[in-house]
Amino acid sequence: MIVMQGKGVSKGVSSGKLYFYKRVDTTVTLQNVEDIEAEKARFADAQEKAMAQLGVLAEKAREEAGDGAALLFETHAMFVEDDDYVDSVMEIIEDAQCNAEYAVKQTGEQFAAMFKAMDDAYMQARSADILDVSQRLINNLLGVAAGGIDADEPVILCADDLAPSETIQLDKSKILAFATSGGSGNSHTAILARTMAIPAVCALGDDLKEETAGRFAYIDGETGQVIVEPDDLTEMALKNKYKKQQELKELLQTMKGQKDETLDGRELMVYCNIGSPEDVDAVLANDGQGIGLFRSEFLYLAASDYPSEEEQFQAYKKVAAAMEGKRVVIRTLDIGADKQVDYFQMAKEENPAMGVRAIRICLNRPEVFRTQLRALYRASAFGKVAIMFPMITSVWEVRECKRACAAVMKELDAEGIPYNPETEIGIMIETPASVLIADALAKEVDFFSVGTNDLTQYTLACDRQANDLGKFFDPYHPAVLRALKIATDAAHENGIWIGICGELGADLSLLQTFLAIGIDELSVTPSAVLPLRAEIRKSIAKTCTLEKLEC
Ligand code: PEP
Ligand code: MG
């Protein structure tokens with residue numbers, strides 16, 4: 001038995017084989033080849049493999065979700081064998097005497113550009129499919145497993161840490177849990193694990209050794225342990241814990257349909273955080289009363305080029321419609337810092353967390369901003385959409401955002417496109433600057449949502465990604481809690497609501513403090529809704545105190 005000790009960042013017990021994430025460079029370069037026929041044969045092999053993979057995926061989709069779901073993979077299979085596509089690949093191999101990977105990449109980009117330029121919205125959306133198919137063929141040529149996990153069964157995924165752009169590519173059906181040597185509770189691997197409701201342990205450091213690959217292990221997201229080949233007694237205790245966890249889950253199901261209300265009648269809005277339209281299923285399954293944070297940047301992270309207005313509109317509309325009139329707060333893109341997107345071609349920064357990120361990128365690149373705002377306003381005709389801007393530090397930024405919204409509404413009016421002119425506009429409170437001028441900011445918007453992950457980082461001057469700051473990184477620091485109180489008072493004095501969408505919102509040990517502060521909404525990972533509801537229903541708001549704000 002080997003016990004590795006880290007920090008538990010997503011609760012639960014799970015067991016399976018340890019699999020170490022392989023970071024493979026899939027950059028395609030132009031290479032001169034001598035044997036053209038051999039290169040064509042390599043392409044044919046990759047094609048054959050792709051057809052087999054797509055066949056399996058189509059069948060799986062059909063079994064799980066019917067014929068409609070299988071159609072996507074069947075369309076991809078048609079592209080793989082499309083005469084024009086294949087002819088183009090062959091011609092490039094011959095004319096440039098080059099490697100098949102390069103020919104596929106060139107062909108994929110040309111065809112995607114062609115689709116994107118079409119008038120029909122459906123055809124435009126096919127450009128993403130062409131790029132997807134081309135990447136599958138390139139992966140097959142390079143011998144890289146799609147989704148980064150080359151295993152037949154679900155595994156405990158081990159890595160140093162995973163960038164958001166890597167987590168987005170992962171085949172989630174193959175992951176039982178995460179174990180990382182680096183990372184922190186606020187890193188996006190941890191956030192993803194909580195969204196998927198699977199255990200995660202980070203900061204395992206040198207304990208996480210690659211020589212344990214393939215061995216059977218348990219992971220305990222509460223104690224922060226990864227236990228390889230446990231002895232009988234330890235295994236029995238872990239199995240017991242797993243059983244209790246399942247029983248608790250069942251018990252929590254009785255909370256469904258109940259109000260998020262304290263014993264003395266104080267209502268809290270309990271909403272969910274999501275990263276993609278697919279996460280809405282988890283929101284509905286856990287009875288979330290709305291979506292308090294849709295991290296729209298994951299649409300950009302998942303794409304290999306700027307997502308078009310139509311692609312974004314479809315994604316936002318899907319979420320808004322699925323929530324059937326419940327509030328859906330969509331945050332405009334928040335890239336930069338740890339969320340890097342290659343095609344944005346951002347200049348390298350010494351300290352990206354304090355660099356050109358989030359709203360700064362949008363205000364510097366009005367065309368990118370306009371495309372997203374158009375998609376958001378169009379989606380507002382299909383549900384209760386609210387728009388939220390991240391990383392605000394100044395009043396002028398908010399005014400500029402509002403001007404951009406007004407310009408987009410004017411365009412849609414002129415084009416006769418429906419939208420909701422009453423769409424709520426809010427901002428994230430994530431910087432000490434926004435707390436200190438919260439009174440002025442509250443006069444500009446309809447709501448505040450506190451991003452405690454970044455607010456803690458900037459208030460305490462502690463990098464949220466770092467795992468070695470120990471006691472210096474204290475999410476319960478009175479400075480952070482006082483910041484919440486200042487922002488809440490400013491919001492209420494100006495008649496607007498305030499929520500928390502950072503990870504702290506789901507911390508049950510702070511619920512009493514949030515009630516005492518007067519927070520109106522908590523937006524948490526879907527699996528945290530019912531435990532939170534159970535706790536709210538046991539609380540008495542008027543007896544809650546601000547004692548945690550004392551130093
Ligand atoms: C936050 O900073 O608390 C937040 C919710 O945003 P993100 O974690 O995406 O930076
Ligand atoms: Mg943030």
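Counting convention: from 1, in listed order, for ligands and their atoms alike.
Contact atoms of ligand 1 toward C501: 5 (C) (distance under 4.0 Å to a heavy atom of the residue). Of all atoms in ligand 1, numbered sequentially from 1 with element shown, those under 4.0 Å from a heavy atom of M428 are 4 (C), 5 (C). The E430 neighbourhood of ligand 1 comprises atoms 1 (C), 2 (O), 4 (C), 6 (O), with distances under 4.0 Å to a heavy atom of that residue. For ligand 1, the atoms sitting less than 4.0 Å from at least one non-hydrogen atom of R295 are 4 (C), 5 (C), 6 (O), 7 (P), 8 (O), 9 (O), numbered in the order shown with element in parentheses. Against a heavy-atom cut-off of under 4.0 Å, G502 is close to the following atoms of ligand 1: 3 (O), 5 (C). In summary, the atoms of ligand 1 found under 4.0 Å from a heavy atom of D334, numbered by their order in the structure, are 10 (O).
Rounding to 10°, one obtains 100° for the angle at the Mg ion (ligand 2) between OE1 (E430) and OD2 (D454).
Under the 4.0 Å criterion applied to side-chain N and carboxylate O atoms, E310 and R378 are assigned as salt-bridge partners. With respect to the salt-bridge test (charged N to carboxylate O, under 4.0 angstrom), the residues E503 and R194 qualify.
With respect to D287, the salt bridge (charged side-chain N to carboxylate O under 4.0 Å, His left out) criterion is satisfied by exactly one of K259, K326, R533: R533.
The residue among R331, R464, Q457 with a heavy atom at the shortest distance from atom 6 (O) of ligand 1 is R331. Here the shortest heavy-atom distance to atom 3 (O) of ligand 1, taken over N453, L293, T431, V450, belongs to N453.
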Exercise. Give the C-alpha distance, both sets of side-chain angles, the deciding distance and a yes or no for side chain to side chain donor-acceptor pair (under 3.5 Å) between N139 and Q135.
Key: CA-CA 6 Å; N139 286 351; Q135 191 59 50; 3.1 Å; yes
Practice problem: Could you please spell out the steps behind the side chain to side chain donor-acceptor pair (under 3.5 Å) verdict for Q314 and K317? | Solution: CA-CA 5 Å; Q314 293 297 345; K317 176 181 157 189; 4.5 Å; no
Practice problem: List the steps, then state whether side chain to side chain donor-acceptor pair (under 3.5 Å) holds for Y300 with Q312. | Solution: CA-CA 9 Å; Y300 292 76; Q312 292 190 57; 3.1 Å; yes
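For the pair K339 and ligand 1, a heavy-atom separation below 4.0 Å is found.
Between E261 and I536 the shortest side-chain heavy-atom distance does not fall below 4.5 Å.
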